[in-house]
Protein chains: 2
Amino acid sequence: MNQTINILVVEDDNDINQLLCKIIKKSQYDPQPAYSGTEALLYLDKQNWDLILLDLMLPGMEGEQILAKITEKGSIPVIIISAKNEKETKINSLRSGADDFISKPFDVDEVSARIDSLLRRYKHTNETSNQELIHKDIHLDAESKTVFVNGNKIMLTVREYKILILLMASPKKVFSKSNVFESVWGEPFHGDDNTVNVHMSNLRNKLSKVNPKEEYIETIWGMGYRMKS
Amino acid sequence: MNQTINILVVEDDNDINQLLCKIIKKSQYDPQPAYSGTEALLYLDKQNWDLILLDLMLPGMEGEQILAKITEKGSIPVIIISAKNEKETKINSLRSGADDFISKPFDVDEVSARIDSLLRRYKHTNETSNQELIHKDIHLDAESKTVFVNGNKIMLTVREYKILILLMASPKKVFSKSNVFESVWGEPFHGDDNTVNVHMSNLRNKLSKVNPKEEYIETIWGMGYRMKS
DNA sequence: GCTTTTCTTAAGCTTTGTTTTAAGCCTTTC
DNA sequence: GAAAGGCTTAAAACAAAGCTTAAGAAAAGC
């Protein structure tokens with residue numbers, strides 16, 4: 001049960017990277033150093049990270065690009081650690097999906113406290129990746145990001161896939177439109193929006209194309225959507 | 001559907017409090033100023049807060065005590081805003097359950113960005129309020145938004161569902177029509193309205209369709225409604 | 001840069017839910 | 001035990017939520 005917590009440390013400076021890893025180890029977490037942007041990207045897809053520490057100034061690739069890749073990938077908590085200390089950098093990072101911003105030079109204990117604080121809240125969120133979800137004759141393989149209905153592979157777009165994985169991860173739960181929007185799009189929902197409907201409709205079509213008799217996703221009027229059991 | 005987000009602003013300085021409220025309003029959230037620790041505590045239990053901004057230096061009561069009360073109460077996200085800028089204060093706050101620490105003087109845009117960042121995550125995680133309400137043979141599961149009477153699933157509309165959850169959450173309490181209306185509809189009640197009656201009737205019908213002998217909701221003449229024990 | 005795919009927006013339409021209306025039914029009070 | 005006021009109910013009118021389609025915009029892929 002005592003699962004290890006994996007933290008990716010993206011920082012080109014050798015000494016600082018080692019220092020960060022040391023801090024992390026001291027708190028009983030499992031650090032993985034990455035010394036460049038490209039190295040970071042390699043690790044990114046390789047496993048599920050519980051948290052990422054990211055330096056914004058990297059050789060080869062800008063930290064901002066990495067941040068974009070991370071947020072695109074899912075909802076991994078990110079702490080930016082940077083010497084680029086201007087207001088704009090800070091705010092842009094936070095707006096782009098970072099959860100915290102620590103300025104260099106940093107205080108060892110503060111870094112540790114902020115890591116703990118973030119993990120305390122979000123430890124339990126990232127548990128659904130890297131497994132196979134099954135519901136009726138839908139098989140969703142999270143690792144290869146493929147979906148089979150009745151043995152037939154179907155091609156979903158990113159949005160459709162994310163909606164499906166959300167619903168399938170908690171098959172009894174009812175997700176409101178705003179739930180869905182905020183989980184899948186990662187931004188606040190403003191009520192007059194039709195795009196969830198459209199994607200839901202498209203997803204349903206793709207699912208039922210294979211097996212027209214079956215209804216997979218049900219609508220709970222005024223409440224939202226749920227996998228039909 | 002488009003729920004408001006309530007933010008409690010605990011800060012004794014009038015100008016700063018107003019400034020913070022202004023920032024919050026600009027982001028379409030709903031701020032509530034509290035100018036002292038005691039005032040903050042009053043508000044704390046009064047409703048469910050999505051986020052709390054907390055100044056550490058308050059007259060009468062120390063901010064640390066408030067923080068303790070907040071974390072004790074549940075998992076409301078807290079951002080500390082403080083002029084006490086020493087390392088120890090920062091780290092203690094974070095270790096005591098705060099999610100972020102902003103030093104005074106603060107930058108308006110940074111505050112805004114950090115609020116958004118925290119809410120973005122919090123709203124995803126806080127949806128697992130998986131509670132089940134039981135009254136006689138009625139089982140109400142909040143996560144799946146389903147209601148069972150004597151083991152049989154019954155289909156309720158949103159209004160009916162909300163009325164039932166209200167009554168079942170406080171089964172001994174008598175709810176006046178205006179109570180019900182204001183809780184379920186979220187707007188002030190004007191006495192000459194019959195709609196609560198209608199929905200109550202429909203709800204009773206659906207409940208007693210399964211089990212006609214049982215009376216679940218009783219009318220207290222001139223007072224309101226209550227779950228019948 | 002051009003092509004292809006995917007996403008978003010908007011409109012019209014269908015389904016479902018809500019409110020109003022109004023008649024009749026209980027309780028209470030005098 | 002009749003009048004008054006509150007409560008219930010059923011049905012009609014209305015409103016809202018959801019679905020589908022198609023077309024333009026944006027993004028991704030080549």
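Residue numbers start from 1 in every chain, and the chains themselves are labelled A, B, ... in the order their sequence lines are given, proteins ahead of strands. All values reported here derive from a predicted model rather than from experimental measurement.
Using a distance-only test at 3.5 Å, with no hydrogens or angles considered, no donor-acceptor pair links the side chain of A:N205 to the main chain of A:N202. In terms of modelled atom types and a separation under 3.5 Å, the side chain of B:E182 and the main chain of B:F189 share a donor-acceptor contact.
Remark: B:E39 pairs with no residue by the salt bridge (Lys or Arg N to Asp or Glu O under 4.0 Å) rule, at least two apart or across chains. With sequence neighbours excluded, the residues forming a salt bridge (Lys or Arg N to Asp or Glu O under 4.0 Å) with B:E214 are B:K136, listed by chain and number.
A heavy atom closer than 4.0 Å to some atom of DNA chain D occurs in no member of residues 205-217 of chain A. Only at 4.0 angstrom or more do the heavy atoms of residues 162-176 of chain B sit from any atom of DNA chain D, so none qualifies.
Checking A:D141 against A:S144 by side-chain atom types alone, a donor-acceptor pair falls below 3.5 Å. Between A:Q32 and A:Y43, the side chains place a donor N or O and an acceptor N or O closer than 3.5 Å (distance only, hydrogens not considered).
No contact: B:Y161 has no heavy atom under 4.0 Å from any strand.
The phosphate of D:dA10 has neither OP1 nor OP2 within less than 4.0 Å of any side-chain N or O from B:S201. A sub-4.0 Å separation between OP1 or OP2 of D:dC19 and a side-chain N or O of A:R204 is present. Neither OP1 nor OP2 of D:dA17 sits under 4.0 Å from any side-chain N or O of A:T219.
In this structure, the side chains of B:N152 and B:N211 stay at 4.5 Å or more apart for every pair of heavy atoms.
Rounded to whole Å, the distance from CE on B:M200 to P on D:dC7 is 11 Å.
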Original post:
Along nucleotides 16-27 of chain C, 5' to 3', which nucleotides get a B, which get an S, and which get a -, given that the test is a protein heavy-atom distance under 4.0 Å?
Top reply: SSSBBBB---BS

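Screening residues 192-229 of chain A for ring pair (Phe, Tyr, Trp, His ring centres under 6.0 Å) gives A:W185-A:H199 as the qualifying pairs, with residues at least two apart or on separate chains.
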